[in-house]
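A, B, ... follow the sequence lines: proteins, then strands. Residue 1 opens every chain. Only a predicted model underlies this, so the values are computations on that prediction, with no experimental measurement involved.
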Amino acid sequence: MTPMKITYYPGCSLENTAVDYAASIAGITPLLDLELEEITDWNCCGATAAHSINHELALALPARNLMTAQKMGRDVVAPCALCFNRLKVAEKALKNPEGNPLGLSYQGAIKIWDLLDYLTQETYLQVLSQKVVKPLKGLKAVGYYGCVVARPPDITDKKDYENPQNMERLLTVLGATPLDWSYKTDCCGAGLALSRPDIIDTLTQRLYERALAAGAECFVVSCQMCQANLDLTQERISKKFGKHYDLPVLYFTELIGLALGHPQVKEWLAKHLVNPLPLLQKKGLI
Amino acid sequence: MPKTTDNTLRPSFTLAEKLAQGNLSASACYQCKKCSSGCPLTFAMDLLPHQVIHLSLLGQEEKVLTSSTIWVCSACETCTTRCPNGIDIAGVLDWLKEEALKRGISVAQPEVATFHRYFLESIKAGGGRVAEATLVRRFTLFKLRRKFDINELKENMKLGWQLMKRGRMRLLGSHAPKGQAEIKEILKLIKS
């Protein structure tokens with residue numbers, strides 16, 4: 001089968017703290033006959049910093065990426081929640097019928113996707129269900145979506161922004177047990193991770209507690225900022241609150257790799273700070 | 001008439017007018033408090049989100065521009081999503097942050113403001129992409145100069161080492177994109 005080609009916007013952290021996410025994406029997409037082509041010469045979207053203190057820059061940076069993607073002619077996928085959100089902000093601004101502030105000519109014929117949404121389209125779920133060689137039996141997980149991948153819906157064009165279900169659908173296809181909880185789109189405060197770590201300790205500890213109360217053994221995430229915030233801080237938060245938390249934070253792409261029998265899954269998982277191997281070994285999955 | 005130095009008695013209505021110009025019309029607010037009810041950060045705020053909107057409309061510039069609230073907002077967009085009157089509340093808070101910096105106001109959360117500034121400068125230094133390791137190093141030094149906390153330093157160095165061992169922290173920075181002339185033009189918007 002000829003692979004389906006799609007434009008890819010990895011974003012800065014997939015070259016840095018989220019190399020595990022990047023590697024798992026590069027690992028699983030060929031299994032789904034999907035070929036990713038990076039936006040030529042892409043730049044940073046400006047992230048929280050730009051939209052907080054420099055609104056002109058916050059539009060100009062993603063607009064440049066979008067104009068290049070338009071030339072490439074295919075839909076765009078972004079694995080990072082904020083990169084996705086900023087591309088959508090630029091799209092709305094450039095498509096404004098009253099004229100866009102940058103004077104760029106954007107036709108809007110391409111669609112911008114976040115990676116989870118793209119890979120949980122009905123066709124991909126069907127392909128996945130046929131390709132699962134190791135069902136993730138007995139793995140009890142809560143899906144954690146992150147904030148700006150869904151909100152605000154006027155920007156993201158999402159319909160189920162308060163209670164998204166596609167991560168749960170995916171986990172079911174992979175044979176895992178997704179658990180219901182009320183915090184799947186609540187904020188972990190990642191943007192304040194360095195400037196106000198005390199704040200994220202409070203927010204993140206609450207997520208650990210709610211996940212445990214739901215009966216979860218791990219988190220499944222689709223945002224690398226959520227991953228870093230839940231994974232890197234777990235030891236510190238355990239110390240601070242005097243309670244040992246041991247909740248691995250897995251990317252949905254890593255679980256796809258695991259269920260589809262990708263040979264490099266262990267290499268991806270070895271990059272996590274909260275070691276997922278004991279849990280996966282206990283379940284006989286690795 | 002006795003003279004007063006209380007600025008609450010000298011409202012400045014330019015703020016509400018400016019918000020309206022920026023398509024952030026806050027005047028539709030009827031104080032239902034849905035924004036504050038759903039906000040996950042209220043425990044760290046000095047003003048609640050609905051109070052920021054109300055005070056802005058009352059012309060209480062100084063109160064909102066010097067508040068911690070505008071900086072500890074994590075931009076999770078819950079308020080904007082749920083506002084029954086379609087007010088982009090998180091957008092208003094962003095606008096207020098930028099305005100506070102433009103006016104040179106002494107901000108209530110210098111760590112947060114500095115982090116944002118360093119982040120943008122690191123995009124510039126990286127020629128269009130963020131070099132996370134450089135940014136973290138620079139911000140850590142800034143925090144140490146403000147308050148030397150040996151335990152925090154030890155924790156951070158340990159974490160940095162753990163990330164480096166796993167290849168999650170690249171010391172040499174990111175690959176700069178090649179379209180330099182075009183990107184430089186955009187990066188001129190970042191004033192160091």
Once you round to the nearest 0.5 Å, how far does [atom1] of [X] lie from [atom2] of [Y]?
X: A:Ile53; Y: B:Leu101; atom1: CD1; atom2: CG; answer: 5.5 Å
X: B:Leu41; Y: A:Ile200; atom1: CG; atom2: CD1; answer: 11.5 Å
X: B:Arg168; Y: A:Ser13; atom1: CZ; atom2: OG; answer: 10.0 Å

Does anything in [range] get under 4.5 Å of chain A by heavy atoms, and if so which residues?
range: residues 140-159 of chain B; answer: B:Lys143, B:Glu155, B:Lys158, B:Leu159
range: residues 70-87 of chain B; answer: B:Trp71, B:Val72, B:Ser74, B:Ala75, B:Cys76, B:Glu77, B:Thr78, B:Thr80, B:Thr81, B:Arg82
range: residues 52-68 of chain B; answer: none

Quick one: does B:Phe119's side chain get under 4.5 Å of A:Cys44's, heavy atoms only?
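Result yes, sub-4.5 Å side-chain heavy-atom pair found.
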Under 3.5 Å, side chain of A:Asn54 to main-chain N/O of B:Leu189, donor-acceptor pair present?
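Yes; judged by distance alone, with no hydrogens or angles, the pair exists.
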Kindly give the heavy-atom pair with the smallest separation between [X] and [Y], and that separation in Å.
X: A:Leu61; Y: B:Leu187; value: CD2-CD2, 4.3 Å
X: A:Leu194; Y: B:Phe115; value: CD1-CE1, 3.4 Å
X: A:Ser52; Y: B:His116; value: OG-NE2, 3.5 Å
X: B:Arg129; Y: A:Asp41; value: NH2-C, 4.0 Å
X: B:Leu120; Y: A:Ala49; value: CD2-CB, 3.8 Å
X: B:Phe43; Y: A:Leu203; value: CE2-CD2, 3.9 Å

Under 4.5 Å heavy-atom distance to chain B, tell me which part of [X] shows up: side chain, backbone, both or neither.
X: A:Asp198; answer: neither
X: A:Leu192; answer: side chain
X: A:Asn65; answer: neither
X: A:Lys158; answer: neither

If you count heavy-atom pairs under 4.5 Å with chain A, which of [options] comes out on top?
options: B:Arg117, B:Met169, B:Glu182; value: B:Glu182
options: B:Glu185, B:Glu111, B:Lys178; value: B:Lys178
options: B:Val112, B:Leu163, B:Leu135; value: B:Val112

So which of [options] has the largest heavy-atom pair count under 4.5 angstrom toward chain B?
options: A:Asp186, A:Asp20, A:Thr185; value: A:Asp20
options: A:Thr202, A:Val148, A:Asp154; value: A:Thr202
options: A:Pro153, A:Gly191, A:Ala81; value: A:Pro153
options: A:Ala150, A:Ala47, A:Gly46, A:Cys188; value: A:Gly46

Just checking B:Lys33: does its NZ atom have more than 12 heavy atoms from other residues, nucleotides or ligands closer to it than 6.0 angstrom?
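Counting neighbours around NZ of B:Lys33, 12 or fewer heavy atoms of other residues, nucleotides or ligands fall under 6.0 Å, so no.
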Above 12 or not: heavy atoms from other molecules or residues under 6.0 Å from CZ of B:Phe139?
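Yes, enclosed.
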State which residue, out of A:Glu56, A:His51, A:His55, fulfils the side chain to side chain contact (heavy atoms under 4.5 Å, CB included) condition with B:Glu98.
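Exactly one pass, corresponding to A:His55.
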Which region of B:Ile123, side chain (C-beta onward) or backbone (N, CA, C, O), has a non-hydrogen atom less than 4.5 Å from a non-hydrogen atom of chain A, or is it both or neither?
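B:Ile123 touches chain A through side-chain heavy atoms alone.
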Sorted by number, residues from residues 266-273 of chain A in contact with chain B (heavy atoms, under 4.5 Å):
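Counting heavy atoms that sit under 4.5 Å from chain B, the residues of residues 266-273 of chain A involved are A:Ala270, A:Lys271, A:His272, A:Leu273.
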